[in-house]
S.K.: 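Mind having a look at this structure? Questions to follow.
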Number of protein chains: 2
Amino acid sequence: MNKKLIEEFSALLGKERVLSETEELLCYSYDATSKGFMPDVVVFPLNAEEISKIVKLCLKYDTPVVGRGSGSGFSGGSLPLKGGVVVSFTKMNRILELDEENMFVTVEPGIINADLKSYLAGKGYFYPPDPASYEFSTIGGNVAECSGGPSAVKYGVTKDYVAALEVITGEGEIINTGSKTVKNVSGYNLTQLLTGSEGTLCLFSKITLKILSKPETNSLILVSFGDIDKGFKAAIRLLKLRNRPSMLEFMDKSSIESVKSYFKSDIIKIEGKFLFIIEADGSQADVDKSIGEYEKILNEFSPIFIFASGKDEDKKVIMDARKAISPSLRKYGDLKINNDIAVPVNKIPQMLSFLEETSRKYEIPVINFGHFGDGNIHVNIMLEKNNAGMVQNGEKAKYEILKKTVELGGSLSGEHGIGLEKKEFMKLKYGDYYMNILKNIKNVFDPQNIINPGKIF
Amino acid sequence: MNKKLIEEFSALLGKERVLSETEELLCYSYDATSKGFMPDVVVFPLNAEEISKIVKLCLKYDTPVVGRGSGSGFSGGSLPLKGGVVVSFTKMNRILELDEENMFVTVEPGIINADLKSYLAGKGYFYPPDPASYEFSTIGGNVAECSGGPSAVKYGVTKDYVAALEVITGEGEIINTGSKTVKNVSGYNLTQLLTGSEGTLCLFSKITLKILSKPETNSLILVSFGDIDKGFKAAIRLLKLRNRPSMLEFMDKSSIESVKSYFKSDIIKIEGKFLFIIEADGSQADVDKSIGEYEKILNEFSPIFIFASGKDEDKKVIMDARKAISPSLRKYGDLKINNDIAVPVNKIPQMLSFLEETSRKYEIPVINFGHFGDGNIHVNIMLEKNNAGMVQNGEKAKYEILKKTVELGGSLSGEHGIGLEKKEFMKLKYGDYYMNILKNIKNVFDPQNIINPGKIF
């Protein structure tokens with residue numbers, strides 16, 4: 001790293017907003033993947049103008065620049081693969097405007113999803129996207145990765161809420177895309193192009209999100225089936241309802257087994273081959289009506305256990321069972337390959353069979369759960385770090401699972417992104433011509449290839 | 001036009017799918033704007049492979065190629081500005097797959113929106129986007145322009161339903177974007193980039209749309225206020241409801257006056273300064289509940305007339321009043337500048353005042369109505385074709401209205417697109433750098449600039 005660049009950053013931002021000591025940099029070198037790459041310097045801008053100047057300095061010194069929220073990503077999106085500059089959004093975490101008449105909120109990218117949610121809840125509003133990381137991931141990261149979560153089955157994913165962006169391109173220019181209008185046809189939809197672009201086209205400085213009125217209440221159902229086909233058919237029926245569930249999480253046999261021995265409760269049973277946690281939200285009357293309707297449908301398919309409740313203590317127990325999946329996995333190994341895939345909903349049973357076969361074939365635990373309504377399966381390939389043969393088999397399994405995903409018309413990633421973790425697999429789905437379109441779009445926004453280089457392709 | 005190209009088309013498609021006589025071409029030279037441009041040849045492909053070959057021939061002969069659905073656009077998107085080849089999608093109007101488990105329908109671009117709607121209704125499904133032209137506009141045209149309509153207030157616009165596309169780029173290559181999954185993060189979101197790209201980046205050959213279950217029924221309210229502010233506040237309250245209206249159309253004073261003398265009814269009154277037509281849809285119980293809630297809110301703001309009904313004959317009368325706007329305008333002039341703008345919802349009153357001022361300033365009728373929930377105002381500047389001074393004033397008014405729209409944070413077009421009609425106004429909103437990004441994206445998909453040249457920029 002050129003010392004002069006660090007000096008220029010210090011002159012621009014003040015020394016307290018520039019980190020360059022190894023022990024300081026270390027904190028910005030990792031994310032939720034097991035990988036780590038050291039940045040050369042970390043900077044903390046306060047606004048778009050500063051980011052623009054930072055990018056222009058990076059251009060001058062031909063140095064990579066990578067945006068970073070909380071570093072909670074599962075695909076390596078915020079890792080400085082080629083060193084260079086990490087732009088931390090920690091100091092850009094303000095709510096800039098709550099526009100109650102138009103129902104939009106404008107925020108800086110560094111705000112934590114949960115902080116935004118609770119601020120809005122206090123005002124009677126609701127921002128649905130709820131990635132598992134919502135308590136620590138930032139809205140900027142969520143927009144970069146187009147994060148989803150359990151609520152996507154009813155409410156959609158991050159892209160469905162992004163109305164307008166202020167961004168800094170790879171040329172250090174500030175542009176504004178979109179508007180606070182639902183309808184907007186004036187030139188290409190750059191807002192949607194930049195959402196989910198994994199931090200490779202620009203850095204965000206302002207994000208305007210659509211918000212909803214807060215649902216009054218919710219109730220949950222935990223239901224399990226001894227037969228995959230019956231569970232599948234029941235869940236498909238729920239998806240056809242106009243008042244479809246606001247959550248439709250599932251565990252397959254493997255994760256039921258994993259949780260069973262880890263989680264104990266007096267009121268619910270974790271058993272069977274296909275288990276669902278189902279939520280209805282809305283007014284009390286609507287929730288009661290929906291839960292009644294869901295129960296009626298579920299009972300047509302002979303569940304082996306069903307429990308519904310709107311009581312806080314019961315809902316906590318049900319959600320605790322869901323949250324128990326990840327810690328329960330530890331017994332299977334100390335290395336987890338977290339493979340986030342999405343298949344068309346009706347291919348879920350076929351995919352689950354394939355995952356079971358793959359587990360048998362390689363003699364490694366493959367534990368699966370996810371968001372049924374959007375075909376999003378979190379496949380956890382459990383390995384022992386020090387068992388080289390096993391790790392190699394795990395990588396083979398990952399490859400075969402992604403190949404099968406593409407065969408079934410699915411997506412290589414549902415909500416984690418491609419980043420570093422899956423870039424070598426893009427060719428499973430896309431030909432050279434398609435990949436060149438992506439690269440050329442990258443080139444439009446970042447001709448010197450300094451914004452988060454080495455990701456996606 | 002090169003005779004050889006026409007010969008090559010005939011060899012490829014057969015003579016019956018190639019038109020080149022002047023009287024035949026005339027039918028493909030106009031749209032809903034008052035402009036017309038003659039194509040040199042019209043071709044009727046049956047599939048992506050044929051379209052690919054057509055585009056490759058156009059590349060060889062360096063000839064523009066423009067896709068055309070029904071030619072019902074208001075922005076000139078389907079007009080062959082520079083002559084060349086019109087690709088008519090008339091013969092590509094099939095429903096290719098109804099995927100009931102995943103709730104998607106895959107169609108060819110030439111299918112009429114209304115035909116798709118009625119096919120789906122017969123199966124219990126629902127595709128919401130409902131541009132005013134839905135009885136004759138094609139899904140391909142709707143996707144190209146990202147069409148909206150009254151239902152957008154609850155259901156969103158075309159882009160919210162496009163899940164996957166098969167397209168032919170300006171290099172004649174066939175690519176597939178998106179997937180039948182709600183969650184999909186693998187490379188940039190080309191599906192959303194191509195939706196609303198106004199036929200300038202590619203030609204569509206297959207479109208996969210998300211569908212919903214059909215609402216059981218609907219009811220309507222017609223309500224008018226003598227005071228703009230009260231009407232505005234009432235409508236804003238409706239938008240905050242979780243069960244927000246599925247339609248929230250408005251007429252301002254000018255269109256109320258226009259319709260008043262044209263439309264007569266025994267059951268409803270067209271009067272006041274701000275009039276709304278409001279729909280609730282869903283199950284009978286939900287509709288009744290919503291209508292009750294809407295009426296309660298509306299009555300808090302002292303409407304001068306309110307009428308609600310779920311009866312077919314009453315609903316027809318109410319919708320007839322809405323449909324009367326356009327024909328009622330004819331008395332004001334024989335030339336209409338149809339200016340489709342969108343402003344943030346809370347700027348509607350300010351925009352309506354400005355429109356009234358503009359009308360007074362230029363002494364020309366400016367009649368306004370539209371979709372309140374998305375701030376989408378259809379501004380109708382009424383002129384006399386043979387009065388040159390008046391026409392000139394109309395153009396000045398159009399310019400000032402667009403300028404004001406941008407000042408209020410709005411969009412130059414809500415649902416009609418930029419096309420030819422507004423390309424000179426893009427600079428009101430976007431700087432050179434932004435416009436260059438759009439042009440460079442065009443260049444990625446269409447390096448020889450043969451796909452619908454001269455539109456947007």
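Values reported hereafter were calculated over all heavy atoms of this structure, with side chains retained and with hydrogens, waters and symmetry mates removed. Proteins come first, then strands; the chains are lettered A, B, ... in the order of their sequence lines, and each starts at number 1. These numbers come from a predicted model, not from an experiment.
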S.K.: So, the side chain of B/Tyr188 versus the backbone of A/Ile437: is there a donor-acceptor pair under 3.5 Å, distance only?
M.R.: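 No; judged by distance alone, with no hydrogens or angles, the pair does not exist.
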
S.K.: Hey, does A/Ile441 have a side-chain heavy atom less than 4.5 Å from the side chain of B/Asn440?
M.R.: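 B/Asn440 vs A/Ile441: side chains apart.
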
S.K.: Side chain, backbone, both or neither: which part of A/Lys214 has a heavy atom under 4.5 Å from chain B?
M.R.: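 When you check distances to chain B, only backbone atoms of A/Lys214 fall under 4.5 Å.
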
S.K.: Pick whichever of B/His371, B/His416, B/Glu216 has the most heavy-atom pairs under 4.5 Å with chain A.
M.R.: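 The option with the most such pairs is B/His371.
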
S.K.: Sort B/Leu239 into side chain, backbone, both or neither according to what part of it lies under 4.5 angstrom from a heavy atom of chain A.
M.R.: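 Only the backbone of B/Leu239 comes within 4.5 Å of chain A.
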
S.K.: For the pair A/Asp286 and B/Arg242, find out whether any cationic side-chain nitrogen is under 4.0 Å from an anionic carboxylate oxygen.
M.R.: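 Between B/Arg242 and A/Asp286 there is no salt bridge, as every charged N stays at least 4.0 Å from the carboxylate O atoms.
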
S.K.: Check for a donor-acceptor pair, side chain of A/Lys429 on one end and backbone N or O of B/Ser186 on the other, with a separation under 3.5 Å.
M.R.: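 It does not hold such a pair.
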
S.K.: Within a radius of less than 6.0 Å around NZ of A/Lys206, do more than 12 heavy atoms belonging to other residues, nucleotides or ligands occur?
M.R.: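 No, NZ of A/Lys206 has 12 or fewer neighbouring heavy atoms, counting only those of other groups under 6.0 Å.
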
S.K.: So for B/Phe104, is it side chain, backbone, both, or neither that comes closer than 4.5 Å to the heavy atoms of chain A?
M.R.: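 For B/Phe104, there is no contact with chain A at all, as no heavy atom is under 4.5 Å.
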
S.K.: Select, from A/Gly373, A/Ser413, A/Gly417, the one with the greatest count of heavy-atom pairs under 4.5 Å involving chain B.
M.R.: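 Highest number of heavy-atom pairs under 4.5 Å: A/Ser413.
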
S.K.: Check whether B/Lys289 gets within reach of chain A through its side chain, its backbone, both or neither, counting any heavy atom under 4.5 Å.
M.R.: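 The side chain, not the backbone.
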
S.K.: Mind checking whether B/Thr169 and A/Tyr433 have side chains closer than 4.5 Å, heavy atoms only?
M.R.: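 Yes, at least one pair of side-chain atoms sits under 4.5 Å.
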
S.K.: Between A/Glu101 and B/Asn346, which heavy-atom pair has the shortest distance, and what is it?
M.R.: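 Looks like OE1-CB, 3.0 Å.
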
S.K.: Contact part of B/Ile456 toward chain A, heavy-atom cut-off under 4.5 Å: side chain, backbone, both or neither?
M.R.: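 For B/Ile456, the side chain is the part near chain A, not the backbone.
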
S.K.: Heavy-atom cut-off 4.5 Å, strictly under: side chain, backbone, both or neither for B/Phe425 against chain A?
M.R.: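 Neither part.
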
S.K.: In terms of heavy-atom pairs under 4.5 Å, which option from B/Gly410, B/Ala342, B/Gly282, B/Pro215 contacts chain A the most?
M.R.: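 Looking at each of B/Gly410, B/Ala342, B/Gly282, B/Pro215 in turn, B/Pro215 comes out on top.
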
S.K.: Highest number of heavy-atom pairs under 4.5 Å with chain B: which of A/Lys442, A/Lys347, A/Lys423, A/Lys422?
M.R.: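 Answer, by heavy-atom pair count under 4.5 Å with chain B: A/Lys442.
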
S.K.: For a 4.5 angstrom cut-off between non-hydrogen side-chain atoms, does A/Asn189 reach B/Thr195?
M.R.: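 Side-chain contact under 4.5 Å: no.
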
S.K.: Is it the side chain or the backbone of B/Val153 that comes within 4.5 Å of chain A heavy atoms, both, or neither?
M.R.: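 Contact with chain A: none, neither part.
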
S.K.: Checking the side chain of A/Asn102 only, and the main-chain atoms of B/Val345 only, is there a donor and an acceptor separated by less than 3.5 Å?
M.R.: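 Yes.
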
S.K.: Under the 3.5 angstrom rule, does the side chain of B/Ser179 hit a backbone N or O of A/Ser411 as a donor-acceptor pair?
M.R.: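 No, B/Ser179 side chain to A/Ser411 backbone: no donor-acceptor pair under 3.5 Å.
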
S.K.: So for B/Asn443, is it side chain, backbone, both, or neither that comes closer than 4.5 Å to the heavy atoms of chain A?
M.R.: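 When you check distances to chain A, no heavy atom of B/Asn443 falls under 4.5 Å.
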
S.K.: Which atoms of B/Ser75 come close to chain A, meaning under 4.5 Å heavy atom to heavy atom: side chain ones, backbone ones, both, or neither?
M.R.: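 Neither the backbone nor the side chain of B/Ser75 comes within 4.5 Å of chain A.
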
S.K.: Any side-chain donor paired with an acceptor under 3.5 Å for A/Glu173 and B/Tyr434?
M.R.: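 Per modelled atom types, A/Glu173 and B/Tyr434 side chains form no pair under 3.5 Å.
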
S.K.: With a 4.5 Å limit on heavy-atom distance, are the side chains of B/Leu190 and A/Leu438 in contact?
M.R.: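 Answer yes - side chains close enough.
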
S.K.: Quick one: of B/Gly196, B/Gly187, B/Gly375, B/Ala164, who has the most non-hydrogen atom pairs under 4.5 Å with chain A?
M.R.: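 Of the options given, most contacts go to B/Gly187.
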
S.K.: Counting only non-hydrogen atoms closer than 4.5 Å, does A/Ser283 touch chain B with its backbone (N, CA, C, O), its side chain (CB onward), both, or neither?
M.R.: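 Contact with chain B involves the side chain of A/Ser283 alone.
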
S.K.: Determine the option with the most heavy-atom pairs under 4.5 angstrom with chain A, choosing from B/Arg244, B/Lys159, B/Glu100, B/Glu171.
M.R.: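 Of the options given, most contacts go to B/Glu171.
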
S.K.: Flag the one option from B/Met103, B/Lys240, B/Glu198 with the top tally of heavy-atom pairs under 4.5 Å to chain A.
M.R.: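 Top option by heavy-atom pairs under 4.5 Å: B/Lys240.
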
